[in-house]
Amino acid sequence: MKKRGTIPRKIKGFRDIDADLNEMRQRIIQAAAKVYRSYGFEHWDTPVLEYADALGKFMPDEETVDQGVYNFKNPEEEPILGEDGKELRDAGAKAIMEHQALAMRYDLTAPLARVYAERLWDDVKRGQIMESNARLFRRFQYGPVYRYEMKLAPGRFREFWQIDFDSVGTKDVAADAEACMILSDALQAIGLDKSTFIVKVNNRKVLKGFLFSIGIDDDEKEGAVLRVIDKLDKIGWENVELELAAGRTDTSGAAIAGLNLPADLIGKIISFLKIATGIKGRKEVIEKLEKLVAGNELAEEGIAELKKMDAMWEALGFDESSIVFDPTLMRGMAYYTGPVFEVESLLTFKDKRGKTRKVGSICGGGRYDGLVKNLLGLRVPATGASIGVDRLAALLQMANDEKVKAEGPVFIAYFDDSLQTKYYEMAKELRQAGMDVEVYCGYFKGFRKMKKQMSYADKKNCPAVILLGEDEAKKGVVTVKNLKLGKELSKTISDKKEWIAKVQKEIPMDGLVEYMKANFA
RNA sequence: UCCCCUGUAGCUCAGUUGGCUAGAGCGCCGGAUUGUGGUUCCGGAGGUCAGCAGUUCAAGCCUGCUCGGGGGAACCA
């Protein structure tokens, strides 16, 4: 094996987050968390690693990596448990031990299902599990999730943050309707204008029912059709039609296989999807859908759910300008069973070549009544949604004229060894008064030059610098320089002496805390 | 993983049909200002032209391979 060099570099698809980006991220999280909490969700965290088989369909040692999950082996061997929770034994009645497969979470929903299921597990073992003791649980959670993406699209990462909220233990679509309103509230709390995004809602039951009624009745066929429809945004109507039929050759010359459905079926699917084109009113969309799927039980159930949601939104003041029905909305994840929702940002931006591009989807969610069942055998209905924190941060950076900058500490410059202790004393007092304070500690090459120190404070976006040198010490004062003001004035003043004189002030030593509190706290 | 495009300073990019010592702006460092962030002026550092092999008297420029980046396809639980 070749010896690896020690050139410092980070892993592809992962990022270092600087103070400014962290500031942005914190604002988003705090605003969203506050809204979630206000609806009654409690704050939980779960580990980044889970047993691989708890995370979904992925079983140890199948090609999990190809399917998007990072995985590892647990350091110690553990007994393998059977479906009843008992240790599996070999012929000699010895427990079968293995280094179990672990995987990094790829979203926050699967770990939630695990948390929930784990708390019910003892009851399951006692055979006492039944729907009546599946309790209602509402929690929100934020943190990094990990995806082993084969190819990194711009703005896509292998590590990124989500802030997620879910209600487990309710089959009432009121919870779904509420989730959409929460997304809308949260995005506004984060600072997006209501006119710049729209919540789109659909119901898988309607589509499933419709497809069933026209003869697409097995999961595999259905999945294939859904996947094609999911691409609509990207490839357009014509290409969707082609992919449902014989396939097509895309602009890069690659051949894409088609599903080879009969023409009349394709026609039906397309006209179903186009049913809401140009129609904004939720009630009109429902009416049209209703006629088309009449007689199919599942679809009718779905329609009834949409009706209920619509009625709630109407009563609570969420009209078509904020929430719409979109029969073409699909969502990638297979585990959704009912209502699905997505928030689309209506903002656009210009890319490097000056091409106008859409920001696209910034939140997603839906109902997943089967997820807990995969772990527990008990069907516990659940619904929830998630905001893509990093996407949103990027969006806000683009939308804001002024970049969000992290606020630095009050800065105490270093002049004199004999005053060093004094600097730390001042800092302590100011901290006790509630301020962030840094005493300059650079000591290397020319690091103690005034210019260096000032420039350091400036780059850290410090609001003020406190200068205490020999001159001040003799007089019993300190000089406080207002960097924030200086930044403002530098736009209009070009004379250096004037500029300096205007932004600094001598303050008596014993009045410093008072002065700083009044001006910079 | 497949197809197309692409790779010049920390960043964004010029560099003629192959021809002397490869440039600019921004950033960085130093000075004007020995105690002052911005502005202004002066000076400076920084390049294996992604790497390797080939064609040629001569390669940043042409050819092949490798690696990296972008776009599209597939995948997206």
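Per chain, numbering begins at 1; letters A, B, ... match sequence-line order.
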Rounded to whole angstrom units, what separation is found between the [atom1] atom of [X] and the [atom2] atom of [N]?
X      : N     : atom1 : atom2 : value
A:N239 : B:A73 : CG    : C1'   : 12 Å
A:K487 : B:U39 : NZ    : P     : 11 Å
A:Y148 : B:A74 : OH    : P     : 21 Å
A:K451 : B:U40 : NZ    : C1'   : 11 Å
A:I493 : B:U36 : CD1   : C1'   : 15 Å
A:M104 : B:C76 : CE    : P     : 21 Å
A:K405 : B:G37 : NZ    : C1'   : 12 Å
A:M450 : B:G30 : CE    : P     : 14 Å

In A:F165, A:F137, A:F140, A:Y142, the residue satisfying ring-ring contact (aromatic ring centres under 6.0 Å, His included) with A:W44 is A:F137
So, does [X] get its side chain near the phosphate of [N], meaning an N or O under 4.0 Å from OP1 or OP2?
X      : N     : result
A:K481 : B:G35 : no
A:K449 : B:U33 : no
A:K459 : B:C28 : yes

With the stacking rule set at 5.5 Å and 30°, tell me whether A:F411 counts as stacking on B:G37.
no
For A:F160 and A:F157, I'd like to know if the aromatic rings sit close, meaning centre-to-centre distance below 6.0 Å.
no
Look at the side chain of [X] and decide which nucleotide, out of [options], has an atom nearest to it.
X      : options             : answer
A:E472 : B:A77, B:G35, B:G37 : B:G35
A:R227 : B:C75, B:G30, B:G35 : B:C75
A:Y335 : B:A77, B:U36, B:U39 : B:A77
A:S494 : B:G38, B:A74, B:G69 : B:G38
A:L467 : B:G37, B:G35, B:C29 : B:G35
A:K12  : B:G69, B:G37, B:C76 : B:G69

Nearest-angstrom distance, [atom1] atom, [N] to [M]:
N     : M     : atom1 : answer
B:G27 : B:G37 : P     : 16 Å
B:C57 : B:G10 : P     : 35 Å
B:C61 : B:A77 : P     : 45 Å
B:A50 : B:U8  : P     : 6 Å
B:C2  : B:G23 : P     : 41 Å
B:G72 : B:G15 : C1'   : 31 Å
B:C13 : B:G18 : P     : 25 Å
B:U40 : B:C26 : P     : 9 Å

Have a look at [X] and say if it touches a base, only the backbone sugar-phosphate, or nothing, with a 4.0 Å heavy-atom cut-off.
X      : answer
A:V145 : nothing
A:D107 : nothing
A:Q453 : nothing

Give a yes or no answer on whether the side chain of A:R367 reaches the backbone of A:N203 with a donor-acceptor pair at less than 3.5 Å.
no
When you measure from the side chain of A:R431 to the backbone of A:V437, do you find a donor-acceptor pair of N or O atoms at a distance under 3.5 Å?
yes
Go nucleotide by nucleotide along RNA chain B from the 5' end; which of A:E243 and A:K497 gets its closest nucleotide reached first?
A:K497
Assert: residue with more 5' nearest nucleotide on RNA chain B, out of A:K452 and A:S490, is A:K452
Return yes if a side-chain donor-acceptor contact under 3.5 Å exists between [X] and [Y], otherwise no.
X      : Y      : result
A:T479 : A:E472 : yes
A:Y368 : A:D166 : yes
A:Q100 : A:Y51  : no

In the strands shown, is [N] matched to any nucleotide by a Watson-Crick or G-U wobble pair with both distances under 3.5 Å, and which?
N     : value
B:U16 : none
B:C2  : B:G72
B:G64 : B:C52
B:G43 : B:C29

Record whether the side chain of [X] comes under 3.5 Å of the base of [N] through a donor-acceptor pair of N or O atoms.
X      : N     : answer
A:Q504 : B:U36 : yes
A:E488 : B:G38 : no
A:K496 : B:U39 : yes

A:E438 and A:Y456: side chain to side chain donor-acceptor pair (under 3.5 Å), yes or no, with the steps?
CA-CA 11 Å; A:E438 173 174 356; A:Y456 174 85; 2.8 Å; yes
